[in-house]
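By convention here, the first residue in the shown sequence is residue 1. Given the structure is predicted, the values throughout are model-derived calculations rather than measurements.
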Amino acid sequence: MSFRTLIALLLLPASLALATAEPPALAAYRAELARVEAAPEPISLEPLLRASEAAQDAMMQLAAGDKAWIETLDEARYTQLPADLPGFHFSRGYDVYAQPDAAFLQSLAQRKGRAEDQAFFTIYAALWSDEHLPRYLSLGTRPTPCVRFGENILPTLYAQWRDYAARYPQAYAGHTQQTLRDLEEAVALGVCACDDAASVERELSGFVQQFPQTPVATDIRKRLIELKETPDLRPIRCR
């Protein structure tokens, strides 16, 4: 899931409606989870991750009345979801989400996965915060997430995911490259900061020095110039 898509999903309004039929992706996720659990030897968890993301998309799919599927469930069915779909966090209050549980997947990888699965889910778990957001974002009391510039979170995560891509180029390639693109986009844009302009300048300057070959190096340098010469063109803070 991309940086932009994640923010859009977090802004979905919550409401109640009648229950609808269960999406097939949920049964597919349960079947893949059972296959992993039953495996006698270390097994790739990459199909399970894809199944969990497909289930997530299905549960967040807008149904009649612009409601996500999980919002259309009656209270009894919604309460049963965690037991029916282990490995997810659910919410349909102010925020609406069905989020794969990173800690659950990391534990499963330690029990059932290969070396590349264990390494992947270690950095995958490190990516997510207690707010069920990528760790470089924060929600707090804001209506939209802000980016935690100046805390060395972005470069730390970027280094971990680049290292994984170099060590295991064939494993989780799609997810790894998307995560790297999301991190690059957050840095290169240099907007929606949780702190002040100095935190953004400090983070961007350090990032491009640490990763001079990053694909967004030119964009970062342009943003640094923009912050000095035309700081009001793209304000630091998002509403």
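Outside the 6.0 Å centre-distance limit, the rings of Phe90 and Tyr97 are not counted as a close aromatic pair. Tyr172 and Trp161 have their aromatic ring centers separated by at least 6.0 angstrom. Aromatic ring centres of Tyr168 and Phe120 lie farther apart than the 6.0 Å criterion allows.
Residues Gln178 and Asp182 bring a donor and an acceptor atom of their side chains to less than 3.5 Å of each other. Side-chain contact of Tyr29 with Gln56: a donor-acceptor pair under 3.5 Å is absent, judged by distance alone. In summary, the side chains of His175 and Glu46 do not present any donor paired with an acceptor at a separation below 3.5 Å, with no hydrogens or angles considered.
Looking only at distances, a side-chain donor or acceptor of Ser52 sits under 3.5 Å from a matching main-chain atom of Leu49. Of the possible donor and acceptor atoms, none in the side chain of Gln106 sits under 3.5 Å from a partner among the backbone N and O of Ala125. The backbone N or O of Phe211 lies less than 3.5 Å from no partner atom in the side chain of Thr214, so there is not a single donor-acceptor pair. For Asp117 (side chain) and Leu45 (main-chain N/O), a donor-acceptor pair under 3.5 Å exists by modelled atom type. Side-chain atoms of Arg114 never come within 3.5 Å of backbone atoms of Pro42 as a donor-acceptor pair (strictly under, hydrogens ignored). For the pair Trp69 (side chain) and Ala21 (backbone), a donor-acceptor distance under 3.5 Å is present. Looking at Arg148, its side chain never comes within 3.5 Å of a backbone N or O of Leu137 through a donor-acceptor pair. Distance alone, capped at 3.5 Å, is enough to place a donor-acceptor pair between the Ser205 side chain and the Glu201 backbone. Within the 3.5 Å criterion, the main-chain N or O of Gly150 finds a donor-acceptor partner in the side chain of Glu203.
Atoms CD and CD1, on Gln160 and Ile123 in that order, are 6.5 Å from each other to the nearest 0.5 Å. In this structure, CE on Met59 lies 10.0 Å from CG on Leu73, to the nearest 0.5 angstrom. With rounding to the nearest 0.5 Å, the separation of CZ in Arg202 from CD in Glu151 is 9.5 Å. Rounded to the nearest 0.5 angstrom, Asp101 CG and Leu85 CG are separated by 12.5 Å. Here the straight-line distance linking atom CG of Leu183 with atom CZ of Arg162 works out to 11.0 Å at 0.5 Å rounding. Put simply, NZ on Lys112 and OG on Ser107 are 11.5 Å apart, with the number rounded to the nearest 0.5 Å.
Between Cys192 and Arg237, the closest side-chain pair of non-hydrogen atoms is not below 4.5 Å. Residues Ser129 and Tyr136 are not in side-chain contact: their nearest non-hydrogen atoms beyond the backbone lie 4.5 Å or more apart. Contact check for Leu189 versus Glu185: side-chain heavy atoms found under the 4.5 Å cut-off. Residues Val96 and Lys67 fail the side-chain proximity criterion, which asks for heavy atoms closer than 4.5 Å. Residues Pro23 and Gln61 fail the side-chain proximity criterion, which asks for heavy atoms closer than 4.5 Å. Considering only heavy atoms from C-beta on, Val200 stays 4.5 Å or farther from Asp195 through its side chain. At a threshold of 4.5 Å between non-hydrogen side-chain atoms, the residues Leu48 and Leu108 count as touching. Looking only at side-chain heavy atoms (C-beta outward), Phe121 and Gln110 stay at 4.5 Å or farther from each other.
Using a cutoff of 4.0 Å between basic side-chain nitrogens and carboxylate oxygens, Glu22 and Arg77 are scored as salt-bridged. With salt bridges taken as basic N to acidic carboxylate O contacts below 4.0 Å, none links Glu184 and Arg181. Electrostatic pairing of Glu116 and Arg167 does not count as a salt bridge here, judged by no charged N lying under 4.0 Å from a carboxylate O.
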Would you please test Arg223 and Glu226 for salt bridge (charged side-chain N to carboxylate O under 4.0 Å, His left out) and show each step?
CA-CA 5 Å; Arg223 179 57 173 155; Glu226 185 178 88; 2.4 Å; yes

I'd like to know whether Leu204 forms a side-chain contact (heavy atoms from CB on, under 4.5 Å) with Phe149, so could you lay out the CA-CA distance, the side-chain angles of the two residues, the decisive distance to 0.1 Å, and finally the verdict.
CA-CA 8 Å; Leu204 269 59; Phe149 289 108; 3.8 Å; yes

Test side-chain contact (heavy atoms from CB on, under 4.5 Å) applied to Tyr158 and Thr179, step by step
CA-CA 9 Å; Tyr158 193 63; Thr179 301; over 6 Å; no

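The shortest non-hydrogen separation linking Ala188 to Ile220 is CA-CG1, 4.0 Å. Annotation for Pro145 and Leu139: closest pair N-CD1, 3.7 Å, computed over non-hydrogen atoms. Of all the heavy atoms in Ala68 and Leu62, the pair that sits closest is N-CD2, 3.9 Å. Considering every non-hydrogen atom in both Pro155 and Gln210, the closest pair reads CB-OE1, 3.6 Å. Ala126 approaches Leu157 most closely through the heavy-atom pair O-CD2, 3.9 Å. For Leu26 against Ala55, the heavy-atom pair with the smallest separation is CD1-O, 4.1 Å.
Annotation: cation-pi geometry satisfied between Arg92 and Tyr78 (NZ/CZ under 6.0 angstrom from ring centroid, within 45° of ring axis).
Cys194 has its SG atom within less than 2.5 Å of the SG atom of Cys146.
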